[in-house]
Chemist: 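Below you'll find the structure I mean.
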Amino acid sequence: MYDNLTLVAMARKSMDWIAKRQEVLAQNIANSDTPAYLPSDLKPLDFSTVLHQTAAPAINPVITDPRHITPAGLNDPNVVLVQKKTYESSPDGNAVILEEQMAKMGDSKGMYDQVTALFQKNVALLRTAITGR
Amino acid sequence: MDDLQKSTAIAVSGMKAQSERVRVISENMANADSTAQTPDGLPYRRKVVTFKTELDRANGINRVAVNKVRNDPSDFNKRFDPKNPAADRDGYVLTPNVNSLVEMMDLHEAQRSYDANMNVITTSRGMLSQTVQLLR
């Protein structure tokens, strides 16, 4: 019902993105001592992409042949990229910097706070509209 | 599993791997003076832990796991102690290749990594409960 509200759809999109990012960052932190491990991160979420995706949902290819398969994550906006450029790497080839990862995680947390606050505000507005109080 | 639960699972695997590392470090520390019983025997050899990334197919996540606990091939230390039963003809005893300073550094590193993983869990849980709060 509320999916038609742009703000709800956008909130869901960015919450999905943050949750996915949290998973990727957790992976980096857990592997902070694994030899030859390169950290990854999600492709940054920018406003125009989200707006486009929300306003006009992605076009899905039609299956015209029973042998066609749909690739996993075809329209998944959350693209995981391996971080090729890193600040430094240890002698065993590991390039995870805990501080960097923690800072990213703090960023994500802040964004999540922001999104949930906005969502709550929006729900409060709706409530005001419904009850008139 | 949703993404936040997955990140908790990954952090838990990291904590498990780090605690295994702490176990091996404590083994090294405890055996820092374990010499051989006989002159031709070898003392305790230091052990090192290596990690690897492991794909958890059921959930589609990359966990971390202990790869192997290997022996440190470096040379043993020598100490002059002719009264020791393990002393050779010249009175020298081979002592383990454990350096307690190195072990302490390793222990601290393991602790930092453990803390970082713990932080991941705290943050993920906070976000999850925040989502639940939205229902109010």
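Here is how names work: the chains are called A, B, and so on, in the same order as the sequence lines, proteins then strands, and each is numbered from 1.
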Chemist: Would you mind checking which part of B/Gln5 comes under 4.5 Å of any heavy atom in chain A, side chain (CB onward), backbone (N, CA, C, O), both or neither?
Modeler: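 Contact with chain A is absent: no heavy atom of B/Gln5 under 4.5 Å.
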Chemist: Does CD1 in A/Ile69 sit with more than 12 non-hydrogen atoms of other residues, nucleotides or ligands closer than 6.0 Å?
Modeler: no
Chemist: With no hydrogens and no angle check, do the side chains of A/Ser40 and A/Gln83 hold a donor and an acceptor under 3.5 Å apart?
Modeler: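 No - no donor-acceptor pair under 3.5 Å links their side chains.
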Chemist: Nearest 0.5 Å, what's the OG-CE distance between B/Ser113 and B/Met118?
Modeler: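 These two atoms lie 13.0 Å from each other.
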Chemist: Which residues in residues 34-57 of chain B have a heavy atom less than 4.5 Å from any heavy atom of chain A?
Modeler: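 From residues 34-57 of chain B, the residues near chain A are B/Phe51, B/Lys52, B/Thr53.
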Chemist: With a 4.0 Å cut-off on N to O distance, would you call B/Arg23 and B/Glu20 a salt bridge?
Modeler: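 So B/Arg23 pairs with B/Glu20 through a salt bridge.
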Chemist: Considering only heavy atoms, which portion of A/Ile29 lies under 4.5 Å from any heavy atom of chain B: side chain, backbone, both, or neither?
Modeler: both
Chemist: Taking atom CZ of B/Phe80 as the centre, report whether more than 12 heavy atoms of other residues, nucleotides or ligands fall under 6.0 Å from it.
Modeler: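 Enclosed.
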Chemist: Measuring heavy-atom distances to chain A, does B/Arg21 have an atom under 4.5 Å in its side chain, in its backbone, in both, or in neither?
Modeler: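 B/Arg21 touches chain A through side-chain heavy atoms alone.
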Chemist: For the atom pair CD1 (B/Ile121) and CG (B/Leu128), what is the distance rounded to the nearest 0.5 Å?
Modeler: 12.5 Å
Chemist: At a 4.5 Å cut-off on heavy atoms, which part of A/Ser32 comes close to chain B: side chain, backbone, both, or neither?
Modeler: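 Contact with chain B is through the side chain of A/Ser32 alone.
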Chemist: Using a 4.5 angstrom heavy-atom cutoff, name the option from A/Leu25, A/Val123, A/Asp92, A/Asp113 with the most pairs to chain B.
Modeler: A/Asp113
Chemist: Salt bridge between A/Glu100 and A/Lys104, side-chain N to carboxylate O under 4.0 Å?
Modeler: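 Judged by the 4.0 Å cut-off on N to carboxylate O distance, A/Glu100 and A/Lys104 do form a salt bridge.
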Chemist: Of the backbone (N, CA, C, O) and the side chain (C-beta and beyond), which part of A/Tyr112 lies under 4.5 Å from a heavy atom of chain B, both, or neither?
Modeler: both
Chemist: Taking atom CE of B/Met29 as the centre, does the number of heavy atoms from other residues, nucleotides or ligands within less than 6.0 Å exceed 12?
Modeler: yes
